[in-house]
Enquirer: 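There's a structure below that I have some questions on.
Just follow the structure's listing: the first ligand is 1, and inside any ligand the first atom is 1. These figures come from a predicted structure and were not determined experimentally.
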Amino acid sequence: MAAAAWVFVMVLAIIVITCSNASIHDLRPRPGFGGHLVDCLSWRLAVETNNLRNWTLVPQSCENYVGNYMLGKQYSRDCKAVANAALEYAGSLNLTGDAKDIWVFDIDETTLSNLPYYARADVQFGALPYNNTKFNEWVAEGTAPAIPSIRYLYKKLLSLGIKNVFLSGTNARFKEVRVANLHKAGYHSWEKLILKGEEDKGLSAVAYKSKRRTELVKQGYKIVGNIGDQWSDLLGDNAGSRTFKVPDPMYYIG
Ligand SMILES: *[C@@H]1O[C@H](CO)[C@@H](O)[C@H](O)[C@H]1NC(C)=O
Ligand SMILES: *[C@@H]1O[C@H](CO)[C@@H](O)[C@H](O)[C@H]1NC(C)=O
Ligand SMILES: *[C@@H]1O[C@H](CO)[C@@H](O)[C@H](O)[C@H]1NC(C)=O
Ligand SMILES: [Mg+2]
């Protein structure tokens with residue numbers, strides 16, 4: 001009896017040691033980001049919390065990690081968690097009922113997803129340098145899908161009597177194709193669609209979005225909520241009574 005128990009313990013110990021070695025190996029940081037070792041989950045956390053700023057590329061060693069995150073279940077779960085938090089907040093609001101309550105939505109990677117573009121072999125989820133010409137060709141196709149949980153939020157806000165405003169850094173020359181794309185993706189009504197015009201040229205993302213939000217407030221609107229995938233959507237003047245950050249480990253806009 002004692003011998004059998006001893007054998008059992010030994011076998012268990014061997015299994016435990018084998019498994020923990022395997023997981024230590026899996027979790028070992030992989031080299032490749034400016035010569036530093038990168039743990040991709042830590043990198044993503046640093047990105048989402050805005051501890052890491054002005055980064056230009058996804059570390060090459062994290063391309064697979066970011067790809068798996070974006071295409072797997074976790075990204076959509078994380079978006080859903082953001083949308084649920086926003087809905088819980090919106091439901092708790094004491095709305096004025098004067099039709100001046102608005103919610104600001106960023107477009108790219110918030111309202112619409114460019115994942116079909118970012119998953120391409122010549123983009124590699126942001127591990128290869130950004131090519132403006134190529135990205136604009138994709139925008140001009142007007143086929144970006146919705147992020148379903150954010151579209152759900154958009155519809156629920158409408159039913160609560162909150163009006164939605166799209167505020168995007170996209171150049172105003174894409175207005176027609178963006179409107180068509182929004183319709184195709186299931187977004188059918190909005191109070192305003194604000195795109196970057198000539199007068200916004202040279203402004204940083206934070207300065208541009210602050211300026212446009214301040215205009216909204218001067219027009220008498222109350223920004224009860226603001227949602228975006230970039231910190232530059234959520235920082236600056238008149239950011240809104242509350243802000244919500246959608247995950248985006250593929251690019252950074254300062
Ligand atoms: C990031 O870029 C912005 C705008 O160019 C600059 O103001 C800021 O200091 C930079 N931050 C870091 C941490 O380098
Ligand atoms: C909601 O706002 C109205 C008008 O300001 C106020 O009279 C009322 O007490 C508020 N209700 C709650 C639950 O805060
Ligand atoms: C950017 O993309 C365009 C269109 O595909 C291509 O012609 C150009 O060579 C690319 N530029 C760079 C620097 O890769
Ligand atoms: Mg965006």
Enquirer: Is the charged tip of R44 near the ring of Y69: under 6.0 Å from the six-membered ring centre and within 45° of its axis?
Expert: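 Yes, cation above the ring, under 6.0 Å and within 45°.
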
Enquirer: Quick one: nearest non-hydrogen protein atom to atom 13 (C) of ligand 3, plus distance?
Expert: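 Protein heavy atom with the smallest distance to atom 13 (C) of ligand 3: N131 ND2, 4.4 Å.
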
Enquirer: Given O of D108 on one side and OD1 of D229 on the other, what angle do they make at the Mg ion (ligand 4), to 10°?
Expert: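 With the Mg ion (ligand 4) as the vertex, the angle is close to 80°.
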
Enquirer: Between the Mg ion (ligand 4) and D106, is there an N, O or S atom separated by less than 2.8 Å?
Expert: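 So D106 does bind the Mg ion (ligand 4) by this criterion.
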
Enquirer: What are the atoms of ligand 3, with element, lying closer than 4.0 Å to any heavy atom of K134?
Expert: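 Near K134, the atoms of ligand 3 are 2 (O), 5 (O).
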
Enquirer: Looking at K245, K209, R213, E109, which one forms a side-chain contact (heavy atoms from CB on, under 4.5 Å) with D233?
Expert: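 Single pass found, and it is K209.
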
Enquirer: For atom 9 (O) of ligand 3, is there a protein heavy atom at a distance under 4.0 Å?
Expert: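 It does not: no protein heavy atom is found less than 4.0 Å away from atom 9 (O) of ligand 3.
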
Enquirer: Determine the sole option in L234, I102, N238 for which the side-chain contact (heavy atoms from CB on, under 4.5 Å) test with N226 is passed.
Expert: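 Exactly one candidate clears the test, L234.
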
Enquirer: Relative to the ring of H188, is the ring of H183 parallel (under 30°), tilted (30 to 60°) or perpendicular (over 60°)?
Expert: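 Rings of H183 and H188: parallel, under 30°.
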
Enquirer: Cation-pi check, K192 to F166: give yes when NZ or CZ is under 6.0 Å from the six-membered ring centre and within 45° of the ring axis, no otherwise.
Expert: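 No cation-pi geometry.
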
Enquirer: What protein heavy atom sits nearest atom 4 (C) of ligand 3, and how far away is it?
Expert: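 Checking every protein heavy atom, the shortest distance to atom 4 (C) of ligand 3 gives E137 OE2, 3.9 Å.
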
